[in-house]
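Just the heavy atoms: all of them, side chains too, but no hydrogens, waters or symmetry mates, feed the values below.
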Amino acid sequence: MNIVQHLQDQAQRYPHQLAIVAPQWRGDRHISFAGLEDYGARVATLLRQHGLQAGDRVLVLQPMSIELYGVLAALFRLGLVAMFLDPGAGMTHVERCCQLQPPQALIASSRAHWLRLRSPALRRIPCQFVIGCPVPGAVSLRRAALLPGDRQIVACDADTPALLTFTSGSTGQPKAALRTHGFLLAQYRVLGEVLALKSGAIEITTLPIFLLANLAAGLTSVIADGDLRFPGRIRVARVLRQIRQYQPDRMVASPAFLQCLADYCCQRHLPLPSLSQVFSGGAAVEPQLVQKLQAIAPQAQVTIVYGSTEAEPIAHLPSQSVSSRDWQATAQGKGLLVGHPVDSIQLRILRQQLGKSIAPYDRQSFVQDCLPLGEVGEIVVSGDHVLSGYLQGQGDEET
């Protein structure tokens, strides 16, 4: 099943419901589920007219926005592979990633297109599109508004590639993580259970993959107002304006983002009464942050979500299930609680082998290296939403 069919289903069920609210300096922009479906279909027509075919890789350089998710809907619809890298990691990183997996097309913001002046790899990409103001040598995505929507959805099986991302490569060659349509669907199902995704809810979010899950589930996503590359430097007043205006009942954000929000509200005694659920993960969630969040949103359930790039989520922990003795143990240096494994994860603890590559196991040797309850070691997991390896095995052994 093509992942974009979930978006199409929501467009049919809730055509007029807001799908995404995106902040802009001139005022917020909104798009409904039907509007997003239509936008993605028109962009798909434009991409098909320029010769892109199923399986082609398309590098996307665009922050969280309505355009980003419309483009993703178009790419998935055509069976194209959305490719993401971090330009902030440096131009050497950009060159390496494009050398490892040369993209057939580039879709980027006007600002990101300036990187072509510094990157031979970006200039070599044969087909270029721009989001926003026109730039020389790139086709404007605004042309899609004049085209009929491509209503065809390319049939996909579980192994059809959908999303290609790269590690920063700070320790050497970047590693490519390829997520298939089957993987994304499995991840959506798990996130739906852990995050209790329900259509009609309103959520402020800062994390791209969670917004994608929201679209599949029929939630309204309000993209937090700020530069989400630096969540610890947000201007909290802007986010509070969104909370007052849209009255979200949910929030999903990194600990750094929530720390800024909690500190600001605690200092000014500003409650957040609309929130009934707050989820945080992606980095260590300290007990002090959980306690501050409970102080400003006492009616909310604060949940810690634990995972990694290769397996998200692995475990989750509602704060109400943590006792004062647990918090005290954490304060004494006994570690941060991250909860119980999600139902769809198989988890074991291996004996510590830090610094050593772990060779492929046979069943007997794996069982022998697994530790009993209460022993400290290395966490290993498997499941349908766990990557089985990096693309072409590059980086598997040391990881």
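Using a distance-only test at 3.5 Å, with no hydrogens or angles considered, a donor-acceptor pair links the side chain of S110 to the main chain of C133. Without hydrogens or angle criteria, Q128 side chain to L122 main chain gives a donor-acceptor distance under 3.5 Å. R57 contributes no side-chain N or O that, together with a main-chain N or O of V81, makes up a donor-acceptor pair within less than 3.5 Å. When atom types are taken as modelled, the side chain of S32 and the backbone of P15 share a donor-acceptor pair closer than 3.5 angstrom. With hydrogens and angles disregarded, no donor-acceptor distance shorter than 3.5 Å links the side chain of Q242 to the backbone of V222. Listed for the S280 side chain is a donor-acceptor partner under 3.5 Å among the backbone atoms of A253. The main-chain N or O of Q5 is never found under 3.5 Å from a side-chain atom of N2 such that the two would form a donor-acceptor pair. Side chain of H385 to main chain of P313: a donor-acceptor pair is present (N/O by atom type, distance under 3.5 Å, no hydrogens or angles). Looking at Q299, its side chain does come within 3.5 Å of a backbone N or O of L272 through a donor-acceptor pair. E95 places a side-chain N or O within 3.5 Å of a backbone atom of A121 that can act as its donor or acceptor partner.
Considering R363, R351, K356 as possible partners of D369, the one that fulfils the salt bridge (Lys or Arg N to Asp or Glu O under 4.0 Å) test is R351. The residue from L215, V154, I153 that alone fulfils the side chain to side chain contact (heavy atoms under 4.5 Å, CB included) condition with V4 is I153.
Salt-bridge formation is not detected for the pair K198/D249: no Lys NZ or Arg NE/NH1/NH2 atom is positioned less than 4.0 Å from an Asp or Glu carboxylate oxygen. By the 4.0 Å N-to-carboxylate-O rule, R233 lies too far from D227 to be salt-bridged with it. A salt bridge links E67 to R29: one of the charged nitrogens lies within less than 4.0 Å of a carboxylate oxygen.
Remark: L354 CG is packed, more than 12 non-hydrogen atoms of other residues, nucleotides or ligands lying under 6.0 Å away. Atom CD of Q99 sits in a sparse spot, with 12 or fewer heavy atoms from other residues, nucleotides or ligands closer than 6.0 Å. Residue R151 qualifies as enclosed at atom CZ: its count of foreign heavy atoms under 6.0 Å is above 12. The environment of Q53 atom CD is sparse: at most 12 non-hydrogen atoms of other residues, nucleotides or ligands sit within 6.0 angstrom. For R123, the CZ atom sits in a packed shell: over 12 heavy atoms of surrounding residues, nucleotides or ligands are nearer than 6.0 Å. The environment of CG in D326 is crowded: more than 12 heavy-atom neighbours from other residues, nucleotides or ligands sit within 6.0 Å. Sparse packing is recorded around CD of Q364, with 12 or fewer heavy atoms of other residues, nucleotides or ligands lying under 6.0 Å away.
By the criterion of side-chain heavy atoms lying less than 4.5 angstrom apart, applied directly or through intervening Ile, Leu, Val, Met, Phe, Trp or Tyr residues, F257 is grouped together with L289 in one hydrophobic cluster. Under the 4.5 Å side-chain heavy-atom criterion for grouping Ile, Leu, Val, Met, Phe, Trp and Tyr, L61 is not connected to L46 through any hydrophobic cluster. Tracing side-chain contacts under 4.5 Å through hydrophobic residues (I, L, V, M, F, W, Y), one never reaches I125 starting from F84; they form parts of separate clusters. In terms of hydrophobic clustering, with Ile, Leu, Val, Met, Phe, Trp and Tyr side chains grouped at heavy-atom distances under 4.5 Å, V21 and L261 are assigned to a common cluster. I209 and I3 fall within a single hydrophobic cluster, where Ile, Leu, Val, Met, Phe, Trp and Tyr are joined by side-chain heavy atoms under 4.5 Å apart, directly or via other members.
Side chains of R241 and Q245: a donor-acceptor N/O pair is present below 3.5 angstrom, by distance only. Residues S319 and Q294 bring a donor and an acceptor atom of their side chains to less than 3.5 Å of each other. Defined by atom type and a distance below 3.5 Å, a donor-acceptor pair is present between the side-chain atoms of D263 and Q259. For the residue pair Q62 / S65, a side-chain donor-acceptor distance below 3.5 Å is found, with atom types taken as modelled. For the 3.5 Å distance criterion, the side chains of S221 and N214 qualify, holding a donor opposite an acceptor. Side-chain atoms of S119 and R124 include no donor-acceptor pair closer than 3.5 Å.
For the atom pair CD1 (I296) and CG (L275), the distance works out to 8.0 Å, reported to the nearest 0.5 Å. Atom CZ of R348 and atom SG of C370 lie 6.5 Å apart (nearest 0.5 Å). Atom CG of L191 and atom CD of E312 lie 6.5 Å apart (nearest 0.5 Å). D28 CG to D225 CG: the interatomic distance, rounded to the nearest 0.5 Å, is 7.0 Å. The CG atom of D86 lies 6.0 Å from the NE2 atom of H93; values are rounded to the nearest 0.5 Å. We find the CZ-CG distance between F279 and L207 to be 12.0 Å, quoted to the nearest 0.5 Å.
Between T45 and D150 the shortest heavy-atom distance is OG1-N, 2.9 Å. The nearest pair of heavy atoms linking P287 to T330 is CG-CG2, 3.6 Å. For the residue pair G40 and A74, the shortest heavy atom distance occurs at O-CB, 3.3 Å. Minimum heavy-atom separation, V71 to Y39: N-CE2, 4.4 Å. When all heavy atoms of L18 and F33 are compared, the pair lying nearest together is O-CE1, 3.5 Å. For the residue pair L228 and M64, the shortest heavy atom distance occurs at CD1-SD, 3.7 Å.
Contact check for E203 versus M251: no side-chain heavy atoms found under the 4.5 Å cut-off. For the pair P248 and T220, the minimum side-chain heavy-atom distance is 4.5 Å or more. Residues P23 and I223 are in side-chain contact: their nearest non-hydrogen atoms beyond the backbone lie under 4.5 Å apart. Using a 4.5 Å heavy-atom cutoff, the side chains of L195 and F210 are in contact.
Remark: aromatic rings of H181 and F76 are close, center separation under 6.0 Å. Taking the centre of each ring, Y188 and H6 come in below the 6.0 Å mark.
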| field | Derivation and outcome, side-chain contact (heavy atoms from CB on, under 4.5 Å), residues L197 and L219 | value | CA-CA 7 Å; L197 300 179; L219 276 75; 4.0 Å; yes

| query | Please walk me through it: do R189 and D343 pass salt bridge (charged side-chain N to carboxylate O under 4.0 Å, His left out)? | reply | CA-CA 11 Å; R189 287 191 290 268; D343 290 341; over 6 Å; no

| request: Determine, stepwise, if the pair E37 / R77 fulfils salt bridge (charged side-chain N to carboxylate O under 4.0 Å, His left out). | output: CA-CA 10 Å; E37 157 73 9; R77 179 184 292 272; 2.8 Å; yes

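Under the ring pair (Phe, Tyr, Trp, His ring centres under 6.0 Å) criterion, the residue pairs touching residues 113-139 are H50-F129, with sequence neighbours excluded.
Qualifying ring-ring contact (aromatic ring centres under 6.0 Å, His included) partners for Y264, counting only residues two or more places apart in sequence or in other chains: none.
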